[in-house]
Amino acid sequence: MLFSLRPDYAADPLLRDLVGRLRDYLDGELAAYEAEHGVTPATPITRTLLEPVWRRSRELGFYGIHLPPELGGQGLTYTQLAALKEEIGASGRVLGHSVLGEMGGPLRVGDILAGATPQQLDRYFLPVVRGERACCFSLTETDAGSDVRAMRTVAVPAPGGYRLTGHKVFSSAGPVADFAIVIARMDGTEKTFSAFVVDLDSPGCRVADGATPMSGEHIESDIVLEDCFVPAANLLGCEGDGLLLGLGRVNVNRLLHCPSVLGMARRAIALTLERVRTRTVGGAPLAELQSVQHGLADLATEFYAARSMTYAALADLDTGPVPRLEAFMCKYFVAESAFRILDRAVQLHGKEGLTQGNEVEFLFRKVRMFRVLTGTSEIQQNGIAKLLLRQGD
């Protein structure tokens, strides 16, 4: 894999065509749409804002493109999907999260499609694939993040279904979702968890404004459940399958989050190169200073290493079992590397890099979150060490 800030994917004609069309859309129509509506990273997401993006992305074949042909997708490999996610991250588009269906769409549903009943598919998940409905995933709680088994949301069996009570946080896409996939502990148990499809307009269910993360984005909600009745038909899988459904997608998701972050790091490198080429100090461009050149070398080398290991793991995922150890390694190394890249990018931008409204300043805050989200770097280190030690058994 050669280093490039604009890969051409010549070895994969399908991917080369998709990336070309995706770049045209991101830099053309979507950029114009954002400008028309004054969209910034701090703009609250609404259905009115996102639905046109869902529809247009579906018309162009990008929304749910990873799905099998029978569901309207192109059955992409994980490597091909990752390349598209990287392009979106590198585009700087605020609404890029809605092009492939991450913000409440098919990518948010994930592998749950495969285990849904025909009724659940018809009522909930196929409308999501078509861009008609949206969902969010509700697992995390205030005191149950990395230790999800500490969750307090409980499901009590009731005639015809279950009654759920609890408070979920950091439900991405919650502000635009029609329903949530909620993981809850079965009443009277310590280690039995189940997954439910919960209509967000159900009595006893309330969508509350979520905390604003350091990125300044308004894409999260709290899901508050107070004796909320959920029909038995809305149980996903069987009782006790909750963590399997909720965490079974984590190893794959660890890898698939990495290309998005790599895309943001790639964007930062491109912006930094432009900055040092055009910013003059003492009558000469910053790029002529050896200290600046060394900083650029560090940025590019760190990016190349992180990207190479990520796509190597994705290639393994495409041809065999989930590379669990490598997924931990990639999440850890990409998170830490991207943060170092953005830190150096801010430094090379000087005062401009510290100014709100500057894209590098936003990317720094956004990338910093990745060292915590979807499992902290320390959690990744724990996973790496455990799997390494097991190899000696």
Side-chain angles (χ1 to χ4, degrees), residues 1 66 76-83 85-86 89 102 107-108 110-112 114-115 137 139-141 143-151 170 172 181 183 185 190-195 237 240-265 301-341 367-393:
M1 179 178 291
H66 67 293
L76 298 188
T77 66
Y78 287 113
T79 299
Q80 291 168 329
L81 175 60
K85 287 168 65 69
E86 182 185 330
E102 289 187 275
L107 274 177
R108 178 62 52 184
D111 294 337
I112 288 175
F137 194 85
L139 174 65
T140 304
E141 300 180 10
D143 296 318
S146 296
D147 181 14
V148 296
R149 290 172 177 81
M151 73 175 66
F170 295 130
S172 297
I181 299 167
I183 310 299
R185 180 174 52 82
E190 292 295 327
K191 299 180 180 180
T192 303
F193 302 87
S194 299
D241 288 348
L243 288 188
L244 179 63
L245 290 167
L247 299 179
R249 47 206 282 273
V250 165
N251 283 302
V252 171
N253 282 352
R254 279 195 187 101
L255 279 177
L256 288 179
H257 281 304
C258 290
S260 297
V261 177
L262 288 169
M264 288 186 279
T301 302
E302 193 114 31
F303 175 78
Y304 180 62
R307 188 173 190 270
S308 296
M309 70 184 295
T310 298
Y311 281 86
L314 287 163
D316 288 336
L317 180 60
D318 280 327
T319 58
V322 175
R324 294 184 62 214
L325 174 58
E326 293 79 3
F328 279 120
M329 289 177 168
C330 288
K331 169 58 171 69
Y332 172 55
F333 190 76
V334 169
E336 297 298 321
S337 295
F339 175 70
R340 288 190 292 268
I341 288 170
V367 165
R368 176 59 183 86
M369 293 169 56
F370 191 62
R371 296 173 66 202
V372 175
L373 299 179
T374 69
T376 65
S377 289
E378 291 75 16
I379 290 294
Q380 312 308 314
Q381 289 174 303
N382 290 347
I384 293 167
K386 288 178 181 177
L387 292 175
L388 283 175
L389 291 169
R390 287 178 187 172
Q391 286 185 350
D393 293 342

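Heavy atoms only: backbone and side chains are in, while hydrogens, waters and symmetry mates are out.
- The two residues Arg371 and Ala335 come nearest to each other via the heavy atoms CG-O, 3.7 Å.
- Rounded to the nearest 0.5 Å, atoms CG (Leu245) and CD1 (Ile183) are 6.5 Å apart.
- Residue Phe303 qualifies as enclosed at atom CZ: its count of foreign heavy atoms under 6.0 Å is above 12.
- The closest side-chain heavy-atom distance from Leu256 to Leu107 is not below 4.5 Å.
- Across Gly240 and Ser194, no two heavy atoms sit closer than the pair N-OG, 3.0 Å.
- The side-chain heavy atoms of Lys85 and Leu262, taken from C-beta on, include no pair separated by under 4.5 Å.
- Gln391 has its side chain out of reach of Leu387: every pair of non-hydrogen atoms, C-beta onward, lies at least 4.5 Å apart.
- A side chain to side chain contact (heavy atoms under 4.5 Å, CB included) with Thr376 is found for exactly one of Leu373, Ile379, Thr374, namely Ile379.
- Closest approach of Gln380 to Arg254, counting heavy atoms only: OE1-NE, 3.1 Å.
- By the 4.5 Å heavy-atom criterion applied to side chains, Val334 and His257 are not counted as neighbours.
- In this structure, CZ in Phe370 is found 4.5 Å from NZ in Lys331, a value given to the nearest 0.5 Å.
- Nearest heavy-atom pair, Glu102 versus Arg108, reported as atom, atom and distance to 0.1 Å: O-NE, 3.3 Å.
- The distance from the CG atom of Leu317 to the OG1 atom of Thr79 is 7.5 Å, given to the nearest 0.5 Å.
- The nearest pair of heavy atoms linking Glu302 to Ser337 is OE2-OG, 3.1 Å.
- Within the 4.5 Å cutoff, the side chain of Phe193 has no heavy atoms near those of the Val148 side chain.
- Interatomic distance, Arg185 CZ to Arg149 CZ, rounded to the nearest 0.5 Å: 13.5 Å.
- Here Tyr311 contributes atom OH and Cys330 contributes atom SG; the two are 11.0 Å apart, rounded to the nearest 0.5 Å.
- Smallest separation of non-hydrogen atoms from Cys258 and Thr310: CB-CG2, 3.8 Å.
- Atom OG1 of Thr140 sits about 8.5 Å away from atom CE of Met151, to the nearest 0.5 Å.
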